[in-house]
Protein chains: 2
Amino acid sequence: MTDLSSEMFKVVAPERRGTTSEEVVIQLREMIHRGELRPGDRLPPERDLAKLLGVSRPTLRAGIRSLAAVGVLQSRQGAGTFVVQSDGPPTLDSSPLRLMASLHGFTSNEMFEARRALEMAVAGLAAERATGEQMATMAEEIAGMYASLDNPEQYLVHDMRFHQTVAAASGNRILTALMNMVAKVLFDARIKTVKRAQDLKQSAEMHRVIYRAIREHNPEAARIAMRDHLVGAQQAWELEDDGADPLLAATNSGNNGGGARPTL
Amino acid sequence: MTDLSSEMFKVVAPERRGTTSEEVVIQLREMIHRGELRPGDRLPPERDLAKLLGVSRPTLRAGIRSLAAVGVLQSRQGAGTFVVQSDGPPTLDSSPLRLMASLHGFTSNEMFEARRALEMAVAGLAAERATGEQMATMAEEIAGMYASLDNPEQYLVHDMRFHQTVAAASGNRILTALMNMVAKVLFDARIKTVKRAQDLKQSAEMHRVIYRAIREHNPEAARIAMRDHLVGAQQAWELEDDGADPLLAATNSGNNGGGARPTL
DNA sequence: CGCCTCACATTGGTCAAACCTCTGTCGCGC
DNA sequence: GCGCGACAGAGGTTTGACCAATGTGAGGCG
């Protein structure tokens, strides 16, 4: 029934002739692939670019918006449209993952398992490649954890930064981006329950174990330590949580007119 | 700066929370998170929905387009706008990854390493959880590989499907989606050079090793076998390639004006 | 009676023109 | 020299209209 070709090419691929705005997206993508647009660059004004590409401004805007939605472009009213310039490592937007989680009913266990796989991989690589400076940063974040054992929210910040440092030390920006993508979903869910967190001291200890394994350039030990840490983190999170699955109740803003808070 | 009077008068008016179209995106996301929109559902007509949300149609379209860009919605002219209904496992669009690769100059080695990490993880999980049916599918794909040793392009299809089956057998849809995301970038790059492929027989043998490890429920052996296979695949790919980095020259035109085989 | 075909209503896609708000800069005045 | 305000330029939004693809149902033909 499923013949060979249908499965593979069934990407988001348009039909014989994509829409005009799809064409715009392709044009802009090509410009990026060809290197004509580099991070930080500013695109021509919409009115000019529309004329340049031979489309109307709304159509061009539709294309720009598509690329902005995936985090490649960023428009600032009154300033212009820019190719995203990330100071740190490149990032992938986590909202698609969050939406997929809602649409297909991902469990938090599934999400944790994915994170575990990614973090174990980066931990192993980090043990092989971490520079002295990166290890110093890890140590500082661990110190920050110990210093904020009585402040769960601040602890969580150090926690997250430690993991990001480990990821950076892996030297693989793709794995780093994927890990951050998954971790951010869990982070956003946990920041609401972390006030009830217990055993932060134990968590900090486990980070030290990870750190030591990386410092000793022992990939396998780093993987094991990271696994144990994340298993513990998942258990802690499940204790904090009251049963409802926060993955399904991400960012809630009051419906129209309400005074919603952008961030906590 | 903090002018209180304006604070009082902002009712439903656009707040500093972002642009109006972003508000639309948030509203639609909320509807998905709350479960009001399920995969396959059809959204109300744009004109109605625009009135419902209290925005103009172009603004609504901008929001819809943002969600369509991340693969959550899909619009079909004359039919309507639908929440994406994926038959198989959920998928994440790989174009953001491709764009990131171009923007930040990802090397193919980095991409292969990421794939290796993901595939090793899913192979290990698959060895623990694969069902009989899934293992049967794997065996069939391997048979397909042997049957197409003289047809590199067809071989590649079986190759990819084997890996997808392994991913499905891992039981983790998030890891599966991430793996496909990375694999697709490499796949699109390789399909151009695969005509020169050598040692397909050896590649098929390595797939059999992976299969046997999974069949014997030996996670560690599956991980090792997958690693060896992908290391070999990377070496083969580097031999096929003439030096230029195809990651930077990814094309997305599905048309087969050149030498692409529609039936493949 | 059943199937096929064509026309029409519905829906998304595109375009045009206009106005608003925000940003950055340049020049005037102190 | 410094600061503030006016101005031009940028993206954001709206209205209104028309085009193109789709889906469906009514009518005719076999």
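Chain letters run A, B, ... following the sequence lines, proteins first and then strands; every chain starts at 1.
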Trainee: Is the distance from OP1 or OP2 of dG11(D) to the nearest side-chain N or O of Ser75(A) less than 4.0 Å?
Mentor: no

Trainee: Return yes if a side-chain donor-acceptor contact under 3.5 Å exists between Asn172(B) and Ser170(B), otherwise no.
Mentor: no

Trainee: Could you pull out the protein-nucleic contacts involving nucleotides 4-11 of chain C (nitrogen or oxygen on both sides, under 3.5 Å)?
Mentor:
residue : atom : partner  : partner atom : Å
dT11(C) : O2   : Gly78(B) : N            : 3.4

Trainee: Identify which nucleotide among dG13(C), dC15(C), dT13(D) has an atom closest to any side-chain atom of Arg61(B), counting heavy atoms from C-beta outward.
Mentor: dG13(C)

Trainee: Kindly indicate whether the side chain of Glu141(A), heavy atoms from C-beta on, has any atom under 4.5 Å from the side chain of Gln164(A).
Mentor: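 A side-chain contact under 4.5 Å is absent here.
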
Trainee: Rounded to whole angstrom units, what separation is found between the CD atom of Gln74(A) and the P atom of dT23(C)?
Mentor: 13 Å

Trainee: For side chain to side chain contact (heavy atoms under 4.5 Å, CB included), just list the numbers for Val182(B) and Glu119(B), CA-CA rounded to whole Å, side-chain angles, deciding distance to a tenth of an Å, and then say yes or no.
Mentor: CA-CA 10 Å; Val182(B) 176; Glu119(B) 293 250 27; over 6 Å; no

Trainee: Check step by step if side-chain hydrogen bond (donor to acceptor under 3.5 Å, both in side chains) holds for Glu22(A) and Thr19(A).
Mentor: CA-CA 5 Å; Glu22(A) 289 287 346; Thr19(A) 66; 4.7 Å; no

Trainee: Quick one: Leu49(A) CG to dG12(D) P, roughly how many Å, whole number?
Mentor: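 Atom-to-atom, Leu49(A) to dG12(D), this comes out as 13 Å.
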
Trainee: Working to the nearest 0.5 angstrom, can you tell me the gap between Thr59(A) OG1 and Leu53(A) CG?
Mentor: 10.5 Å

Trainee: Where the side chain of Arg57(B) is defined as all heavy atoms beyond and including C-beta, which of dC15(C), dA17(D), dT14(D) is the nearest nucleotide?
Mentor: dA17(D)

Trainee: For Glu22(A) and dA20(D), give me the distance from atom CD to atom C1', rounded to whole Å.
Mentor: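 That distance rounds to 16 Å.
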
Trainee: dT13(D) phosphate, OP1 or OP2: any side-chain N/O from Ser21(B) under 4.0 angstrom?
Mentor: yes

Trainee: Rounding to an integer number of Å, can you tell me how far Ile64(B) CD1 sits from dG13(C) C1'?
Mentor: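 Atom-to-atom, Ile64(B) to dG13(C), this comes out as 12 Å.
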
Trainee: To the nearest Å, how far apart are Leu60(B) CG and dG12(D) C1'?
Mentor: 15 Å

Trainee: Counting just side-chain N and O atoms, does Thr59(A) come under 4.0 Å of either OP1 or OP2 of dT14(C)?
Mentor: no

Trainee: If every non-hydrogen atom of Gly105(B) is compared with every non-hydrogen atom of Arg173(A), which pair is closest and at what distance?
Mentor: O-NH2, 3.6 Å

Trainee: Might you confirm whether atom CD of Glu36(B) has over 12 heavy atoms from other residues, nucleotides or ligands at distances under 6.0 Å?
Mentor: yes

Trainee: Which nucleotide, dG11(D), dT13(D), dT14(D), lies nearest any side-chain atom of Thr19(B)?
Mentor: dT13(D)

Trainee: In whole angstrom, give the distance that lies between atom CZ of Arg65(A) and atom P of dG11(D).
Mentor: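 Checked: the CZ to P distance equals 13 Å.
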
